[in-house]
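As structure tokens, the structure follows; a few thoughts come after it.
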Amino acid sequence: MIKKAVIPAAGLGTRFLPATKAQPKEMLPIIDTPIIQYVVQECVDSGIEDILIISGKGKRSIEDHFDRNFELESRIQEKEDEALYTQLRHIESMANIHFIRQKELNGLGDAIYHARFHCEREPFVVLLGDTIIDSVIPVTQQLIDSYEQYQQTVIAVETVPWEKVPRYGIVGGNNLSDRVLQLTELIEKPDRKHAPSNLAIAGRYILTPEIFSALEKTPRGKGNEIQLTDALRILLKKEGIIATIIEGKRYDNGNKMDFLKTTVEFALKRKEFAGDFEKFLRETIDILDKQTASSRKRNSP
Ligand code: UTP
């Protein structure tokens, strides 16, 4: 049984500056809900309620978000907005959330190493705090199912277009089933020629406590940081690791383009916006089409 999750959320978020100068990227809202709340919800939907968030400098608002706010609650009660009140109470009671601070930003591997006392005896899930995966079955649940079947470290992967392979951690291995591979290779940002596949690591993992001794042996890698992928490569020499091809759509909200796409796609799914927002998008596309047509006309001989 997997009962614990770790959410690294201490990073600087430099790709999202200036928004992240004084606020965590994990707290940027998709419409009205911070990214990290979607991540916590994925844990809860997968039956995990013990969550350790790796926090750090400038991340206090994450703690406040999952804490109780009596003043706000009583204001909402005065307004007799029962639905909003229930929503607020849900946030602080959705899971048993702990925090630990990563004092120096030494990379994702180092962030996970901070979970060693919390997770020293049992396998645990890792969910990147800036990555939302939209799926019918929560991706964490998909990984738990794989772990229960194979009893090995599990990495979530997704197929990416070949031209994007050099941007990701890529895995290679032998098929155990349609969606599960026994890994033989893990390569960080390979060039296309040397990539064993176009299956990219997708921001969710099930790790066993053995990862902590692998992390102790992991030298600083890319960006002078302790990289989780490097630790997994060390682990792969000692024990089996599998990859599960996830069913779902991943949004890496650490980059602005994915953030925009998440906002648009999630708004279209929300009943209260869907009609108006879709109309607005269609009108916008219409204007763009007209602009393109008239500039073609102008430029044609
Ligand atoms: P990213 O690779 O997106 O790193 O981390 P980052 O440093 O936050 O972002 P950029 O590249 O500067 O824009 C993926 C997840 O791991 C956490 C981040 O908070 C994010 O949720 N992380 C990263 C840590 O907790 N500690 C670290 O040292 C690095």
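Predicted model only: the values in this text are computed from it and were never measured. Order of appearance sets the numbers: ligands from 1, and atoms from 1 within every ligand.
Of the protein's heavy atoms, Glu26 OE2, 3.7 Å lies nearest to atom 20 (C) of ligand 1. Protein heavy atom nearest atom 17 (C) of ligand 1, with residue, atom name and distance: Pro8 O, 3.7 Å. Protein heavy atom closest to atom 28 (O) of ligand 1, with residue, atom name and distance, is Gly107 N, 2.9 Å. Taking atom 24 (C) of ligand 1 as the reference point, the nearest protein heavy-atom neighbour is Gly11 N, 3.4 Å. Looking only at protein heavy atoms, the nearest one to atom 2 (O) of ligand 1 is Arg15 NH2, 4.3 Å. Counting protein heavy atoms only, atom 12 (O) of ligand 1 is closest to Thr14 OG1, 2.5 Å. The protein heavy atom nearest to atom 25 (O) of ligand 1 is Ala10 N, 2.8 Å.
By the 3.5 Å distance cut-off applied to N or O atoms, Glu225 is not counted among the residues near ligand 1.
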Assess whether salt bridge (charged side-chain N to carboxylate O under 4.0 Å, His left out) is satisfied between Lys59 and Glu26, documenting all intermediate values.
-> CA-CA 9 Å; Lys59 303 279 180 168; Glu26 295 80 4; 2.8 Å; yes

Given side-chain hydrogen bond (donor to acceptor under 3.5 Å, both in side chains), test Gln41 with His90 step by step and report yes or no.
-> CA-CA 11 Å; Gln41 189 65 51; His90 166 73; 3.3 Å; yes

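A salt bridge is defined here as a Lys NZ or Arg NE, NH1 or NH2 lying under 4.0 Å from an Asp or Glu carboxylate O, and Lys269 with Glu265 fails to meet this definition. Classification of Arg270 and Asp32 as a salt-bridged pair holds, one side-chain N sitting under 4.0 Å from a carboxylate O. Comment: Glu210 does not engage Lys238 in a salt bridge, judged by the lack of any side-chain N to carboxylate O separation of less than 4.0 angstrom. Under a 4.0 Å N-O distance rule, the pair Arg282/Asp286 does not qualify as a salt bridge. The residues Arg167 and Asp252 are annotated as not salt-bridged, no charged nitrogen and carboxylate oxygen being separated by less than 4.0 angstrom.
Those atoms of ligand 1 that come under 4.0 Å of a heavy atom in Leu12, given as number and element, are 7 (O), 8 (O). Close approach to Gln102 involves these atoms of ligand 1, each under 4.0 Å from a residue heavy atom: 24 (C), 25 (O), 26 (N), 27 (C), 28 (O). Under a 4.0 Å criterion applied to the non-hydrogen atoms of Gly129, ligand 1 contributes the atoms 21 (O).
Within the 4.0 Å heavy-atom cutoff, Asp110 does not count among the residues contacting ligand 1. Judged by the shortest distance from any of its heavy atoms, Ala111 lies inside the 4.0 Å radius around the atoms of ligand 1. Put simply, part of Lys25 is less than 4.0 Å from ligand 1, judged by heavy atoms.
In this pair, Phe266 and Tyr251 present their aromatic rings perpendicular. The plane angle is above 60°, beyond the 30 to 60° band.
Asp230 is not listed as a side-chain neighbour of Pro219, based on a closest heavy-atom distance of 4.5 Å or more.
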